[in-house]
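First listed ligand is number 1; within each ligand, the first listed atom is number 1. Every value quoted in this text rests on a predicted model; they were computed, and no experiment measured them.
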Amino acid sequence: MSSLIQVALDTPLHRLFDYRLPDDVGAVQAGSLIEVPFGRTRQVGVALGPPADSTIQTDKLRDVIRVLDDRPALSADILRLAQFCADYYHYPLGAILLATLPPRLRNATPFVAETPWLVLTEAGRVAEPPARAKAQRALLDALRAAPQSRDTLRAQKQGRHAAALVAAGRAAWSRVPPQAAEAPPTAGSPLATSEQQAALESLMPMLGQFGVQLIHGVTGSGKTELYLRLIDAVLARGLQALVLIPEIALTPQLEQHFRRRFPGRRFATLHSGLAEKDRAENWLAAPDCDVLLGTRLSVFAPLPRLGLIVVDEEHDASFKQQDSLRYSARDVAIARGKQRGVPVVLGSATPSLESYAQALSGRYQLIELKQRAISQAQLPAIELVDLKHIPVDNGLTRPALQALTETLARGEQSLVFLNRRGYAPALYCPSCAWVSPCPRCSARLVLHRTSHRLKCHHCGFETRIPPECPNCGNPDLKALGQGTQRLEETLTALLPAARIRRIDRDTMRPRAWAELGEAVHGGEIDILVGTQMLAKGHDFPNMTLALILDTDGALYSPDFRATERLFAQLMQVAGRAGRADKPGRVLIQTAFPDHPLFRYLQRHDYAGYARELLAERRQLDLPPFTRQVLLRAEATTMDAALAFLKHAAQLAPDDANVSVFGATPAPMARVANLERAQLLIQSAQRQALQAFVRDWRPQLDTIKPRIARWSLDVDPLVF
Ligand code: ADP
Ligand code: ZN
Ligand code: ZN
């Protein structure tokens with residue numbers, strides 16, 4: 001008689017599936033990846049354990065097809081973490097488990113990992129090949145000193161001897177070179193500043209147990225240096241460190257910095273920019289690495305010896321996934337740290353108000369670095385250009401242009417920020433007021449002059465630039481407003497001697513960050529023009545001016561997080577100007593110079609502004625003082641979307657601690673031909689809100705008529 005097994009599959013259904021386990025499929029444990037028949041297809045699933053219900057009729061069940069033994073089983077801690085996510089985000093367990101795998105390992109096609117290293121096995125360490133096999137003995141001796149790469153062995157014509165050792169079990173091919181017996185010394189750590197020293201005295205004793213430490217440190221205060229020292233201490237105990245970072249494009253830069261610091265240690269990186277094969281390789285290598293550096297998805301990587309989790313730039317919005325499983329990698333990291341009994345270190349110059357409030361209340365330990373690590377590095381002066389009194393020409397004021405000219409004359413570099421890529425935000429007909437609508441969204445098509453196209457930045461729709469107004473036939477269409485392409489054109493005309501480079505999502509290719517860094521450091525660029533993505537991470541000593549052209553949209557936005565985000569961005573930009581020995585200058589064009597945000601910004605006073613925003617949030621019952629869940633609905637008509645939500649609201653459990661707000665169209669009401677609406681649920685008590693959604697969600701499945709899509713967004717960041 002065959003045994004039964006419960007299997008998690010990647011389906012939208014909130015349930016598990018039972019299968020029979022024939023004796024001949026091989027060993028299956030909880031977490032094993034297996035192939036099973038499902039409907040008329042086959043699926044890869046995750047074996048869990050024996051079914052909960054023992055009264056199942058075995059003869060109705062189908063057989064497991066095979067165990068995918070080319071990849072390791074998911075470990076118990078990943079199963080536990082996925083279960084946490086399933087409960088907290090109200091998302092199917094099977095879909096989460098499969099999503100923790102790199103895409104290439106989610107299907108049953110066998111995966112052969114590259115194994116470039118020949119390493120000694122335990123048997124090879126103790127047993128000698130026969131004396132006459134001289135070449136094998138020599139190779140074994142070489143392996144005792146260090147692993148040998150396949151390429152070297154091939155060049156030395158040792159392939160046959162290597163194969164013999166592998167066949168005899170004395171050596172094995174491996175993905176990563178094993179760690180040197182003695183960890184090589186850490187290279188070149190600077191003497192800690194007194195602030196760093198104090199921080200380390202608080203941080204070091206926290207290793208070895210769960211706790212959340214929030215490092216709030218101004219840009220350049222040496223947070224990275226603190227991470228490196230903590231990691232060093234963790235590696236010295238034979239444990240692993242997981243470092244989560246926001247921006248894909250920056251991984252190579254940071255990786256280099258880390259590698260230089262820990263020569264001989266094994267690094268792995270994981271991010272969605274990797275080729276599928278590399279991502280699978282790196283995921284398979286993760287259990288053996290010392291440091292895993294990656295973006296949000298790495299929070300689910302297999303790390304059996306996890307000893308520390310660092311979340312750098314913890315406030316960054318990219319830690320939250322905006323589709324399917326809408327998780328926050330920062331929050332999942334904290335959950336994982338708690339499950340594993342491992343400290344979680346969050347770092348930022350502008351922590352999220354969620355984290356900062358936790359630190360102020362004492363639930364997280366707050367560690368502050370108020371000085372820049374390099375003492376000459378001054379925080380820049382921040383000046384406002386009042387657009388109510390100073391005229392703008394093509395997006396630029398005279399003081400802004402003058403600052404650029406002066407910086408150029410000194411042979412220094414400038415950054416110019418404009419948060420709108422493309423040539424102009426829209427094409428406009430002066431005779432009938434047609435403003436290039438996207439046929440599929442409630443948005444304007446953006447004019448991209450270099451590619452001669454109109455593009456929707458929401459759904460990807462593109463079309464060529466019409467020769468005349470599609471509405472009235474007027475051939476004289478105008479570009480409306482400023483985008484980065486147009487700004488580049490304006491600057492080129494005004495400052496013909498300047499070498500200008502535009503950086504935004506349209507110009508970024510893989511490796512572009514590294515090239516850009518070299519070009520700026522090499523003095524090949526005078527002015528960098530770009531969107532806020534420019535503000536991240538780079539450290540350019542000769543960059544002394546930052547110009548910010550358009551921020552006002554965020555100052556009075558209906559999104560309650562808009563000012564928090566803007567402040568963080570502006571602080572980050574300010575951190576880019578004048579990082580070395582040269583004083584920096586930041587110029588902001590705004591029609592609202594009296595807005596309190598600027599007052600705090602000019603004083604570089606994150607804490608002051610955070611307290612003011614928190615007081616406001618408390619008064620308005622907004623997060624972090626309340627918790628929110630957003631039910632999102634998409635349908636072919638707005639009426640259908642709203643009707644679904646109204647029905648959902650009627651099915652809501654009765655709980656005095658939970659507020660259900662009215663169904664409303666989403667701020668972007670139409671995207672890709674679907675109308676979008678949302679319903680906000682809020683409570684001051686997380687437990688109450690969780691219990692509410694647990695009861696409510698199954699009922700949502702019963703609502704008729706069905707709509708195109710609905711989803712729950714727990715702790716939504718974007719509305
Ligand atoms: P953050 O991550 O807070 O922005 P970094 O760790 O990148 O800051 O440090 C900023 C700069 O200061 C870097 O060039 C770094 O090498 C340098 N630095 C950090 N700590 C020290 C120190 N203790 N002594 C000298 N230089 C330091
Ligand atoms: Zn017209
Ligand atoms: Zn569109």
Side-chain angles (χ1 to χ4, degrees), residues 187-200 215-231 243 245-246 250 253-254 256-258 260-261 310-314 345-351 367-379 426-446 453-463 466-478 480 521 535-541 571-572 574-576 578-581 606 668-676:
S189 64
L191 207 64
T193 64
S194 57
E195 268 190 336
Q196 284 172 331
Q197 196 51 50
L200 288 167
I215 304 178
H216 167 222
V218 297
T219 342
S221 60
K223 293 184 290 295
T224 311
E225 183 58 36
L226 290 182
Y227 308 151
L228 290 168
R229 285 174 187 246
L230 289 170
I231 292 167
V243 182
I245 52 169
L250 288 177
Q253 235 194 356
L254 203 62
Q256 227 178 41
H257 185 57
F258 275 59
R260 268 200 299 264
R261 186 64 173 270
V310 173
V311 185
D312 189 27
E313 308 286 357
E314 68 87 31
V345 174
L346 312 178
S348 175
T350 51
I367 288 169
E368 296 195 284
L369 299 177
K370 298 190 164 142
Q371 311 286 325
R372 287 189 157 182
I374 303 173
S375 51
Q376 316 90 296
Q378 298 295 313
L379 289 167
L427 192 61
Y428 169 66
C429 171
S431 95
C432 77
W434 174 87
V435 194
S436 58
C438 173
R440 307 169 49 182
C441 306
S442 44
R444 307 282 175 214
L445 294 174
V446 175
R453 298 187 76 76
L454 293 176
K455 296 185 190 176
C456 176
H457 288 184
H458 298 276
C459 73
F461 176 86
E462 288 193 21
T463 178
E468 54 182 38
C469 173
N471 194 33
C472 74
N474 171 19
D476 192 20
L477 295 174
K478 299 261 188 273
L480 185 68
H521 278 293
K536 289 184 183 169
H538 276 289
D539 198 355
F540 299 134
M571 288 284 278
Q572 205 155 32
R576 293 304 112 194
R579 288 198 78 168
D581 50 348
Y606 164 83
M668 265 290 289
R670 187 174 142 88
V671 174
N673 282 331
L674 284 176
E675 302 287 339
R676 313 188 318 159

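- At least one N or O atom of Gly220 sits closer than 3.5 Å to an N or O atom of ligand 1.
- Taking the side chain as every heavy atom from C-beta outward, Leu369 and Val218 never approach each other to under 4.5 Å.
- Under 4.0 Å from ligand 1, the heavy atoms of Gln196 that appear belong solely to its side chain.
- Of the heavy atoms in Leu191, only backbone atoms (N, CA, C, O) come closer than 4.0 Å to ligand 1.
- Contact atoms of ligand 1 toward Val218: 3 (O) (distance under 4.0 Å to a heavy atom of the residue).
- Between the side chain of Thr193 and the backbone N or O of Ala373 there is no donor-acceptor pair closer than 3.5 Å.
- Residue contacts with ligand 1, taken as heavy atom pairs separated by less than 4.0 Å, involve Ala192 solely via the backbone atoms N, CA, C and O.
- The distance from ligand 1 to the heavy atoms of Ala373 drops below 4.0 Å at these ligand atoms: 12 (O), 18 (N), 19 (C), 20 (N), 21 (C), 27 (C).
- Side-chain contact between Trp434 and Pro466: present, with at least one pair of heavy atoms (C-beta onward) separated by less than 4.5 Å.
- Side-chain N or O atoms of Tyr227 include none that pairs as donor or acceptor with a backbone N or O of Val345 at under 3.5 Å.
- For ligand 1, none of its N or O atoms has an N or O atom of Thr219 under 3.5 Å away.
- Put simply, CD on Glu195 and CD1 on Ile367 are 11.5 Å apart, with the number rounded to the nearest 0.5 Å.
- Close approach of ligand 1 to Thr193 is summarised as follows: ligand atoms under 4.0 Å from at least one heavy atom of the residue are 23 (N).
- Between Leu369 and ligand 1 there is no heavy-atom distance shorter than 4.0 Å.
- Within the 4.5 Å cutoff, the side chain of Arg676 has heavy atoms near those of the Val671 side chain.
- Note on the Zn ion (ligand 3): protein N, O or S atoms under 2.8 Å away count 4, no waters included.
- When side chains are defined from C-beta on, Arg229 counts as touching Leu200, because their heavy atoms get closer than 4.5 Å.
- For the pair SG of Cys432 and SG of Cys429, the angle whose vertex sits at the Zn ion (ligand 2) is 110° to 10 degrees.
- Remark: side-chain polar atoms of Arg444 are paired, donor with acceptor, to backbone N or O of Val435 under 3.5 angstrom.
- Residues Glu225 and Pro190 meet the side-chain proximity criterion, which asks for heavy atoms closer than 4.5 Å.
- Put simply, the side chain of Thr219 reaches to within 4.5 Å of the side chain of Arg372, judged on heavy atoms.
- Residues Asn474 and Pro430 are in side-chain contact: their nearest non-hydrogen atoms beyond the backbone lie under 4.5 Å apart.
- For atom 9 (O) of ligand 1, the nearest non-hydrogen atom from the set Ser194, Gly222, Gly217 belongs to Gly222.
- Centred on the Zn ion (ligand 2), the SG atom of Cys469 and the SG atom of Cys472 lie at an angle of 110°, reported to 10°.
- Of the possible polar contacts, none joining the Arg670 side chain to the Ala443 backbone as a donor-acceptor pair under 3.5 Å is found.
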